[in-house]
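Worksheet: one structure, shown below.
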Amino acid sequence: MEEGGSADAAPAVQRRRLELTVEVPTGSGLGALRQAVLGWGEANRRDLPWRATRDPWHVLVSEVMLQQTQVSRVLGPYRRFIERFSTPAACAAARVADVVVAWEGLGYNRRAVYLHRTAGVLVERHGGRVPVDLTALVSLPGVGAYTARAVLSFAFEVDTGVVDTNVARLLSRAVAGHPLGAVSSQKLADSLVPAGRAWAFNQSLFDIGARHCVARHPDCHGCPLRRRCRWAAAGWPPPDPAAASAGTARPQSRFAGSDREGRGRLVTALRRRSIAATELARASGWAGEPERARQIADELVRDGLARWGSAGLLELA
DNA sequence: TAAACGTGGCA
DNA sequence: TTGCCACGTTT
């Protein structure tokens, strides 16, 4: 869709110039937008386990799980994980292997390693608590701009915008009406948050983005922002502003036959048992490529997911 | 089945 | 600063 040919013709320079023209709605327009978002959220908010807690550690865990992983897949693992590692101290005290085992089903297993390291930093440098500080949060392993602000907003009610892929799409289409870079996008989100209502506002923006302002065929009919949407007001002229915006989805390289596939199979196997070097190829699904299997194993070790144990067995770290 | 989903490392 | 790439699983 965004491969329409004209997308390639838009150089980065042009996008930057466009960003300078972002007009933040002011006065009553802004108030009306906030009300539309908050009002819709009150009536339509989904009941999700992590929305019932403001425990900063639980919020952090849920947000890390929600990186690159959809809600439906996080539901089960989240409950299990919180039960097992209810505090940063409990997580830090566990072995990485235990955290990786608890991570089962979520994928992107490095996140489990990062979360374990983050728990360690929280214990060692922040008194076992999650700091209420953007710089400190972003410096934690596996915590980036999105997760840091999600924690500030959802656990501490700090007035900050939280830009995930859904919100990035919504902002570029409905509010700006043109593509946004990461910086403009964040500033715009920040400017929209009603004082003291960051939790409700950001949760509602997530839901509107996820349920109406979707990537492929946006459900504008019934969207609470329909009447204030710039892109809709202009008659949805192509290209879709979201397509060229920062933080929105891009096509991925093929998964089948990739290193990721083999890594995934190897970690899945390692959750059950240690693996001899001679069995690596079979366990990773590449019976004919022992060298590649060995390479992937070494990368798992480098990433802190696995280690070479006694007797030349590869095991969870 | 193609689509969904942030962070970190690097250029 | 920005963009590109690697990183897994489910439906």
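Residue numbers begin at 1 in each chain, while the letters A, B, ... track the order of the sequences. Every heavy atom of this structure was used, including side-chain atoms; hydrogens, water molecules and symmetry mates were not.
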Counting only side-chain nitrogens and oxygens, does [X] get under 4.0 Å of the OP1 or OP2 atom of [N]?
X        : N     : result
A:Thr268 : C:dT9 : yes
A:Arg254 : C:dG8 : no
A:Arg263 : C:dG8 : yes
A:Gln70  : B:dC5 : no
A:Thr147 : B:dT7 : yes
A:Asn109 : C:dC7 : no

Quiz prompt | Qualifying residues under side chain to side chain contact (heavy atoms under 4.5 Å, CB included), relative to A:Glu63, sequence neighbours excluded | solution = A:Val59, A:Leu66, A:Tyr146, A:Thr147, A:Ala150, A:Phe154
When we call it a touch if two heavy atoms are under 4.0 Å apart, what does [X] touch: a base, just sugar-phosphate, or nothing?
X        : result
A:Glu261 : nothing
A:Leu140 : sugar-phosphate
A:Thr248 : nothing

Quiz item: Taking NZ, NE, NH1 and NH2 as the nitrogens, is one of them in A:Asp207 or A:Arg45 under 4.0 Å from a carboxylate oxygen of the other?
Solution: no
Quiz item: Does the pair A:Arg265/A:Glu261 count as a salt bridge with the N-to-O cut at 4.0 Å?
Solution: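 Salt bridge present between A:Arg265 and A:Glu261.
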Quiz item: Which is it for A:Asp219 and A:Arg211 under the salt bridge (charged side-chain N to carboxylate O under 4.0 Å, His left out) test, yes or no, and what are the steps along the way?
Solution: CA-CA 8 Å; A:Asp219 173 30; A:Arg211 286 165 62 167; over 6 Å; no
Quiz item: Could a donor-acceptor pair under 3.5 angstrom be found where the side chain of A:Gln68 meets the base of B:dG6?
Solution: yes
Exercise. Tell whether A:Arg73 reaches the base of C:dT10 with its side chain through a donor-acceptor pair below 3.5 angstrom.
Key: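 Side chain to base: no pair below 3.5 Å.
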Quiz item: How long is the line joining CZ of A:Arg216 and C1' of C:dT11, in whole Å?
Solution: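 In whole Å, C:dT11 C1' and A:Arg216 CZ are 16 Å from each other.
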Quiz item: If you pin A:Pro141 and A:Val214 to their nearest nucleotides in DNA chain B, which one's is more 5'?
Solution: A:Val214
